[in-house]
**Student:** 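I am attaching a structure below and will ask some questions about it afterwards.
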There are 4 protein chains.
Amino acid sequence: MGSTAQPRRGDTRQRIQDVALELFAEQGYEKTSLREIAEHLDVTKAALYYHFKTKEDIVVSLFHDLARPIDDLIVWGETQPRTLEVKKELLRRYSDALGAAAPLFRFMQENQATMRDLSVGETFKGRMLRLMELLNKPDGSMSDRVRCFTAIFTMHAGMLALTDVEGDPEEKREAILGVAIDLLVQAHGVTQ
Amino acid sequence: MGSTAQPRRGDTRQRIQDVALELFAEQGYEKTSLREIAEHLDVTKAALYYHFKTKEDIVVSLFHDLARPIDDLIVWGETQPRTLEVKKELLRRYSDALGAAAPLFRFMQENQATMRDLSVGETFKGRMLRLMELLNKPDGSMSDRVRCFTAIFTMHAGMLALTDVEGDPEEKREAILGVAIDLLVQAHGVTQ
Amino acid sequence: MGSTAQPRRGDTRQRIQDVALELFAEQGYEKTSLREIAEHLDVTKAALYYHFKTKEDIVVSLFHDLARPIDDLIVWGETQPRTLEVKKELLRRYSDALGAAAPLFRFMQENQATMRDLSVGETFKGRMLRLMELLNKPDGSMSDRVRCFTAIFTMHAGMLALTDVEGDPEEKREAILGVAIDLLVQAHGVTQ
Amino acid sequence: MGSTAQPRRGDTRQRIQDVALELFAEQGYEKTSLREIAEHLDVTKAALYYHFKTKEDIVVSLFHDLARPIDDLIVWGETQPRTLEVKKELLRRYSDALGAAAPLFRFMQENQATMRDLSVGETFKGRMLRLMELLNKPDGSMSDRVRCFTAIFTMHAGMLALTDVEGDPEEKREAILGVAIDLLVQAHGVTQ
DNA sequence: CATGAATGAGCCTTCATTCAT
DNA sequence: CATGAATGAAGGCTCATTCAT
């Protein structure tokens with residue numbers, strides 16, 4: 001029923017975002033031209049400009065739509081007491097958020113140089129710093145502080161490596177979360 | 001000793017590499033044009049082509065000249081027994097190597113998408129995998145394997161974060177190395 | 001009298017003309033996009049196409065509606081004897097007409113290159129030539145003929161300069177008209 | 001000898017200016033694309049960019065190279081006493097300058113809207129005002145002031161009309177200059 | 001060693017216009 | 001009356017690269 005590539009109306013904006021994110025992550029932001037995106041969608045370049053004001057605007061919209069959970073997470077974190085239990089919960093939730101926003105994160109990871117002058121990049125970096133601040137143990141030793149931020153970077157690196165290393169994805173994610181929590185505990189722990 | 005005293009006439013090639021690496025790391029490979037590099041050096045674009053066949057060739061040369069220590073490290077590692085002590089030494093040496101090749105690493109970190117089709121990128125990725133293999137505990141639990149590769153990523157992330165976080169650089173580097181070794185030990189250790 | 005009282009519903013067409021003329025005069029025809037006009041009116045581009053078949057059509061309609069008095073003036077002139085008195089009256093009436101159609105004239109003045117291939121432009125240029133012919137003293141010396149057409153150009157230039165030069169607008173207009181008539185008289189006069 | 005469209009080297013910049021000025025004047029600045037200019041010269045668009053940084057830059061260079069005499073004229077005028085004789089000489093020299101820079105002036109005349117945001121446009125307008133100031137009779141009546149600036153505009157309009165009106169060009173130019181001087185004299189005159 | 005001049009491909013963006021709803 | 005969605009053409013500009021000198 002209507003299977004000859006109907007011009008599915010109404011969801012174009014969404015489809016642009018999907019394709020763009022995929023290509024940006026796969027080939028890099030600069031190397032992905034709007035022509036390429038348009039061809040993947042079988043529309044003209046001009047059509048993209050009906051939905052987004054600029055190329056950068058596509059990225060902005062992606063953050064707008066996909067980075068929300070992480071924002072929420074940080075906001076939540078900032079209302080909580082700075083106990084170890086809360087921090088562990090933060091990591092757990094962050095792991096979930098990362099899973100959901102995986103493609104966006106891959107995009108960021110692979111386009112760090114680009115992110116820097118993408119405006120939304122700086123915004124996001126700020127958020128990351130706040131998140132780290134939440135996990136940090138301000139009066140801890142340098143080693144402890146390193147452990148805290150490593151807890152987060154472990155998870156980021158995990159995202160990347162998930163693809164390259166053998167093993168069941170879900171199992172890997174849990175292992176990664178486990179290690180991250182472990183680092184956090186060590187940073188805060190007295191016993192052990 | 002270390003005084004091979006290259007003929008001083010014509011250090012242009014070297015200068016091109018320096019400027020290129022700096023700009024590539026700072027602004028990204030794609031966003032840095034040969035014109036820009038040439039202007040920084042006060043020569044013409046055509047001059048660059050006297051020294052390097054293509055833009056990519058500049059990157060290749062950078063790896064050639066700067067990634068050597070890491071290559072050597074891996075070669076060394078592969079001739080050693082897979083003991084914990086050797087692995088610890090690997091991390092130590094890797095930390096040194098990272099310090100020396102910091103700009104190159106920053107460049108890679110920030111241009112991951114680009115790296116993928118830069119030929120030399122794949123080459124390098126292969127080396128990383130071999131390095132990880134060297135550190136790995138093949139029969140270990142998933143968590144232990146995660147700890148092993150996290151040991152390395154911690155150091156990479158450290159590079160990045162060194163700038164953003166307060167504290168004495170050298171002290172930070174040692175703390176990072178310490179945490180990395182710790183992770184390695186935990187992955188292998190029973191009594192820890 | 002003059003109260004044909006157009007149905008008030010739907011003055012959009014009029015508003016389009018107003019905004020278009022203003023923007024065309026201010027920024028130039030080519031540099032004013034339909035998008036811009038539409039935005040000023042808070043309607044969509046497509047709406048413009050309901051009222052006007054093309055961008056050029058807007059200009060045509062502007063001439064249709066605003067250049068009429070000048071047309072009438074020329075028609076009137078061509079039925080009159082070629083006396084000096086009539087010519088003076090022509091200038092007077094032209095001065096009035098210019099005042100009324102000022103924005104249109106500014107638009108023409110500032111978009112002369114564009115006018116040339118705007119069809120309506122040629123039409124209008126023809127009218128100007130007829131007007132000049134009416135003022136001309138065919139058997140006069142070259143100087144006299146120059147004076148005749150200068151009489152007109154003085155008034156055009158006046159429009160332009162009115163804004164840049166200090167002084168009461170109405171007073172300036174009268175002075176300009178005075179000089180123009182003077183030129184005309186000199187061209188025709190012996191005893192002057 | 002060498003008649004098969006040799007790639008005449010060295011004069012490209014000049015040729016670009018020539019063609020550009022001609023096309024800009026003939027069709028308007030906005031409607032003349034760089035592609036068109038390049039095609040007229042049988043080079044690529046990119047070649048234009050080797051010689052000029054932007055499209056606007058071509059215009060700037062044209063003013064730089066062609067408007068110089070007028071600049072000099074004004075500078076000269078500002079060192080002279082404000083006598084009627086000097087003012088007449090100013091007009092005479094201005095007439096010559098206009099003749100030499102005719103295409104440039106035609107370009108300006110036909111692209112006034114464009115001139116406004118072409119940076120060099122404002123610069124030039126400033127010069128015009130200084131020139132008018134030189135000719136002006138500050139304490140004169142409004143009519144006299146109008147005569148002064150009309151003297152100049154007459155000459156500008158003359159340029160334009162030279163093409164449309166029959167008659168020997170040189171004769172026309174002299175007639176125009178005559179009328180302009182006449183206006184000036186009348187503005188300053190005692191008798192009459 | 002290095003430059004001056006040029007190219008071809010491609011990029012992001014804008015525009016006037018169309019048409020089904 | 002008017003909009004939402006899209007198109008095709010074109011525009012200005014930049015880039016990596018080449019080559020004769």
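Chain letters run A, B, ... following the sequence lines, proteins first, then strands; residues in each count from 1. Please read these numbers as outputs of a predicted model, since none were measured by experiment.
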**Student:** Please, what dot-bracket string fits DNA chain E when only Watson-Crick and G-U pairs with both distances under 3.5 Å count, crossing ones use [ ] and pairs to another strand use |?
**Tutor:** .||||||||||||||||||||
**Student:** Is B/Arg68 atom CZ crowded by more than 12 heavy atoms from other residues, nucleotides or ligands, each under 6.0 Å away?
**Tutor:** no
**Student:** Does B/Thr12 place a side-chain N or O at less than 4.0 Å from the phosphate oxygens OP1/OP2 of E/dC1?
**Tutor:** no
**Student:** Between A/His51 and F/dA6, does any side-chain N or O lie under 4.0 Å from OP1 or OP2?
**Tutor:** yes
**Student:** Provide, to the nearest angstrom, the distance between the CG atom belonging to A/Asp11 and the C1' atom belonging to F/dA6.
**Tutor:** 14 Å
**Student:** Decide yes or no on side-chain contact (heavy atoms from CB on, under 4.5 Å) for B/Glu36 and B/Gln27, but give the supporting numbers first.
**Tutor:** CA-CA 11 Å; B/Glu36 205 173 354; B/Gln27 326 178 327; 3.0 Å; yes
**Student:** When you match D/Leu48 and B/Val43 each to their closest nucleotide on DNA chain E, which lands nearer the 5' end?
**Tutor:** B/Val43
**Student:** F/dT3 C1' sits how many Å from C/Leu41 CG, rounded?
**Tutor:** 15 Å
**Student:** Rounded to the nearest 0.5 Å, how far does CD of D/Glu26 lie from NZ of D/Lys31?
**Tutor:** 11.0 Å
**Student:** What verdict does the side-chain contact (heavy atoms from CB on, under 4.5 Å) test give for D/Ile16 and D/Val43, after you've listed the backbone C-alpha separation in whole Å, the side-chain angles of each residue and the deciding distance to 0.1 Å?
**Tutor:** CA-CA 10 Å; D/Ile16 292 173; D/Val43 293; 5.8 Å; no
**Student:** Which is it for A/Leu34 and A/Tyr49 under the side-chain contact (heavy atoms from CB on, under 4.5 Å) test, yes or no, and what are the steps along the way?
**Tutor:** CA-CA 10 Å; A/Leu34 293 187; A/Tyr49 278 91; 3.1 Å; yes
**Student:** Is the distance from OP1 or OP2 of F/dA5 to the nearest side-chain N or O of A/Tyr50 less than 4.0 Å?
**Tutor:** yes
**Student:** Rounded off to whole Å, could you give me the CD1-to-C1' distance for the A/Ile16 and F/dA6 pair?
**Tutor:** 11 Å
**Student:** Using a cut-off of under 3.5 Å, enumerate the N/O to N/O pairs linking the protein to nucleotides 15-19 of chain E.
**Tutor:**
residue	atom	partner	partner atom	Å
E/dC15	OP2	C/Arg35	NE	3.2
E/dC15	OP2	C/Arg35	NH2	2.9
E/dA16	OP1	C/Lys55	NZ	2.7
E/dA16	OP2	C/Leu34	N	2.9
E/dT17	OP2	C/Tyr49	OH	2.9
E/dT17	OP2	C/Lys55	N	2.8
E/dT17	O5'	C/Tyr49	OH	3.2
E/dT17	O4	C/Lys45	NZ	3.3

**Student:** From CZ of C/Arg15 over to P of F/dC1, roughly how many Å is that when rounded to an integer?
**Tutor:** 13 Å
**Student:** Return the CG to CD distance between B/Asp117 and B/Glu56, rounded to the nearest 0.5 Å.
**Tutor:** 8.0 Å
**Student:** For B/Glu39 and F/dT14, give me the distance from atom CD to atom P, rounded to whole Å.
**Tutor:** 11 Å
**Student:** Measure from CZ on A/Phe52 to P on F/dG4 and round the result to the nearest Å.
**Tutor:** 16 Å
**Student:** Without swapping roles, check the side chain of D/Gln112 against the backbone of D/Gln109 for a donor-acceptor pair under 3.5 Å.
**Tutor:** yes
**Student:** Can you tell me how far the CD1 atom of A/Ile58 sits from the NE2 atom of A/His51, to the nearest 0.5 Å?
**Tutor:** 10.5 Å
**Student:** Examine B/Lys55 relative to B/Tyr29 and say whether NZ or CZ is less than 6.0 Å from the centre of the six-membered ring and inside a 45° cone about the ring axis.
**Tutor:** yes
